[in-house]
Amino acid sequence: MRVVHLLFVATVFYSCKSEKDSQNKFSDHDLIRIADLQDRRSGDSLIAYFTHDNPVHRREAALAFASVQDSVYVDHLGKLLSSDADTTVRMAAAYAIGQTSCVRSEELLFEVVSKETNISVQAIEIESYGKVCRTWKLDVAPVDSVLSAATAWAYYRMAVRGIADQPLNTKASVLLTSPFKATRLAAAHYFSRGAKDFDQFKDLLINVAGQDKSADVRMAAALALRKIISGSTLAAAGNIVKHDADYRVRVNAIRALQDHPFEQTKDILLAALIDSNVNVGIAASEVIKSSLTAAYWREVVEVARSTENWRIKNNLFEAALSVSHERELAEEIQSNYQSAKNPYEKAAALTALRHVADSYPFIAEELFKNSEPVLKTSAALALVEMNSTPNFDKKLRPKFADIYRKAIATGDAAVIGIIASTLADSALGYKSVITDFNFLKEARKNLSLPKDFESIAPLETAIAYFEGEKSRPLQNSFNHPISWDLVKKIPRDQKAIIKTSKGEIVIRLFVEESPGSVANFVALASAKYYDGRVFHRVVPNFVAQAGCPRGDGWGSEAYSIRSEFTSGRYSTGSIGMASAGKDTEGTQWFITHSATPHLEGRYTRFAEVEQGLDVAHKIEVGDVILSVEIMGFNPL
């Protein structure tokens, strides 16, 4: 459910729909023009619409700057915010200013909050202020549902930027007891995401995590408990793991145990491995991987050997190997690798082997002989991560340098990107080992933007490092105009069916909010691009991600699309575009398992699940997309 104070996204920002009329807003040529200027980041042309007679056009032009994000235009937005008679225009301007971080944005928002008379506009101003301010200076004491939620979200926005303090902790704790769910949700995320040093609110957070009637609030509060190491938080998290009906709350309670001594959490974690929901078991195995001590590795190995789920099994094996460094255990994992059929299971085994440096010949051999992308990338990651393991012998650097040189020469873009990042790390010392780095320059010649953005960025950084120069940030240039002929054909509430090996998921596309992303998805789906692709990444109670042509998360095509940021909330079942940074989106997308406010304003949200949320929660790594059907619509 979306929070109350941002209902303007659905009810005001976009024209109302009659049941008979499904035509989207882009029947208006001016709205196409505005959206196209946004796509091209043409700020000067957009501000010409700020004086348009039609408030819809002023509103859309203002909202476009939430994606443009250029401080040059903040004062132009400020004039709309302070003087436009239309409330929806002021809302759009306030949101766009909050998306553009600079000192002037903070000044403008501070100036208008106390003067604004419309509560919906004021709510957006308050939250936007939290995105850009350096310290909290607003004097607001909201008691209603709209402004209290806006204030709590503003505190959250400050916390995720690392500027929360003790006075703000106190303010947020008051809001955590609000009668309004949206307010409690934002306050709970404040404590779970960015706040620190709030032990004095331990009892309050324990109560909320265990008793709040909203699962969304409970799971955020449960995650916040990980920052308070005490017997009472340990007991509370353990109780939640055993008794909460929502698996997502149990997952977050498991994660709250990660910094407690393993001897105190062992029984809880081992029991959670066989939870009725596999995501809880996976989360427990991940916590064991980060907290296991040498005294218990043999016990964990025995559990691993009897575990059927391959993710849990390999996490446990890796946990044991990370603290024991036993060669015999590494050989057992190699044997498991050889017998496994699932490439993702094999990749997990390779990842585990990174903790024993003597395994590097085996991993290198697998890197060079395999054509399966996920195995190549996992092998490359294992090799580079060996450099950071405690038992890595620095005398091996020349041998590793030779392997890295040979791996980069294979031309695999993902492998190049992974290894380049390691070579550019001054702490690892490869600059003193590698005297001829022309192989990096040769590799660069064979990569191209925008397809290889994720590989070129670290590669150019590595080249600059070896040359003794400072690297320059890499940016994707505009390369893929939106097909407006296609956009105009897509109904406002267009739906699609994602048929997976676990069942069907029906989604609704937001063509009016994110036309470029929706058109891209529709075109790819209509061309059967997603048929047979896998969900290559699943993080319990976060996302299930798909759409990678390689199946390892490094894949893309020879184009990129622009980020499209709107004020819609990322809630359970939101669908967003994966990216490697602003304006780098392409084919990959994800479905969220729960509210993920840290994605808002950073990742394009272009659809939401309407049916089949239960299926989305069951998706595991390696599950297959059988087909994606755009319902009742043929773009050709």
Side-chain angles (χ1 to χ4, degrees), residues 1-6 145 148-149 152-153 156 172-173 175-193 195 201 203-228 233 235-258 268 272 275-284 287 505 538-544 568-576 590-600 605 608-619:
M1 181 179 293
R2 294 187 183 87
V3 293
V4 176
H5 76 276
L6 284 180
S145 62
S148 66
W153 283 119
Y156 163 78
S173 71
L175 295 176
L176 194 55
T177 64
S178 168
F180 310 116
K181 174 191 169 183
T183 304
R184 299 197 310 277
L185 178 63
H189 275 285
Y190 168 88
F191 287 107
S192 70
R193 286 288 170 187
F201 303 115
D203 292 340
L204 172 61
L205 284 161
I206 288 174
N207 181 65
V208 173
Q211 303 295 327
D212 198 279
K213 56 188 176 183
S214 166
D216 287 329
V217 177
R218 294 200 307 277
M219 69 181 79
L223 190 62
L225 296 180
R226 76 190 191 280
K227 300 181 182 181
I228 305 174
T233 55
N239 188 60
I240 292 169
V241 173
K242 291 180 181 178
H243 299 296
D244 200 288
D246 194 306
Y247 90 87
R248 300 171 300 170
V249 185
R250 302 201 299 275
V251 165
N252 279 12
I254 286 288
R255 289 173 176 152
L257 300 172
Q258 64 188 24
I268 300 171
D275 189 276
S276 58
N277 188 293
V278 69
N279 288 290
V280 178
I282 291 170
V287 171
I505 303 170
V538 179
V539 182
N541 195 27
F542 181 36
V543 297
R569 295 290 188 201
Y570 265 99
S571 57
T572 303
S574 292
I575 301 176
F590 55 83
I591 304 174
T592 58
H593 293 150
S594 59
T596 50
H598 59 291
L599 302 182
E600 293 165 7
R605 173 178 165 271
E608 67 181 359
V609 174
E610 285 214 338
Q611 298 175 37
L613 260 177
D614 60 326
V615 175
H617 286 297
K618 293 175 184 175
I619 294 294

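Donor-acceptor pairing under 3.5 Å is lacking for the side chains of Asn541 and Asn279.
Under the ring-ring contact (aromatic ring centres under 6.0 Å, His included) criterion, Tyr190 pairs with no residue, sequence neighbours left out. When the side chain to side chain contact (heavy atoms under 4.5 Å, CB included) test is applied to Glu610, the partners found at least two apart in sequence or on another chain are Lys495, Arg508. Taking the side chain to side chain contact (heavy atoms under 4.5 Å, CB included) definition, one finds that His243 meets it with Asn239, sequence neighbours left out. Looking at residues two or more places apart in sequence or on another chain, you find a side chain to side chain donor-acceptor pair (under 3.5 Å) between Arg248 and Asp246, Thr572. Checked against side chain to side chain contact (heavy atoms under 4.5 Å, CB included), Ala272 has the following partners two or more places apart in sequence or in another chain: Val241, Ile254, Val280, Ala284.
In this structure, Pro540 and Arg255 have side chains that are in contact, with non-hydrogen atoms separated by less than 4.5 Å. At least one side-chain heavy atom of His593 sits less than 4.5 Å from a side-chain heavy atom of Val538. Taking the side chain as every heavy atom from C-beta outward, Lys181 and Asp216 approach each other to under 4.5 Å. Counting heavy atoms from C-beta outward, Tyr570 and His598 have side chains that stay 4.5 Å or more apart. Using a 4.5 Å heavy-atom cutoff, the side chains of Ser173 and Phe191 are in contact.
Contact record, Ala188 with Ala220: CB-CB, 3.6 Å, taken as the closest heavy-atom pair.
The CG atom of Asn252 sits 11.0 Å away from atom CG of Leu257, with the distance rounded to the nearest 0.5 Å. Note that OG of Ser574 and CD of Glu600 are 8.0 Å apart. Values are rounded to the nearest 0.5 Å.
Aromatic ring pairs are classed by plane angle as parallel below 30°, tilted from 30° to 60° and perpendicular above 60°; the pair Trp153 and His189 is parallel.
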All N/O donor-acceptor pairs, side-chain side in residues 204-213, below 3.5 Å, sequence neighbours left out:
from	atom 1	to	atom 2	distance (Å)
Asp212	OD1	Arg184	NH2	3.1
Asp212	OD1	Ser214	N	2.9
Asp212	OD2	Arg184	NE	2.7

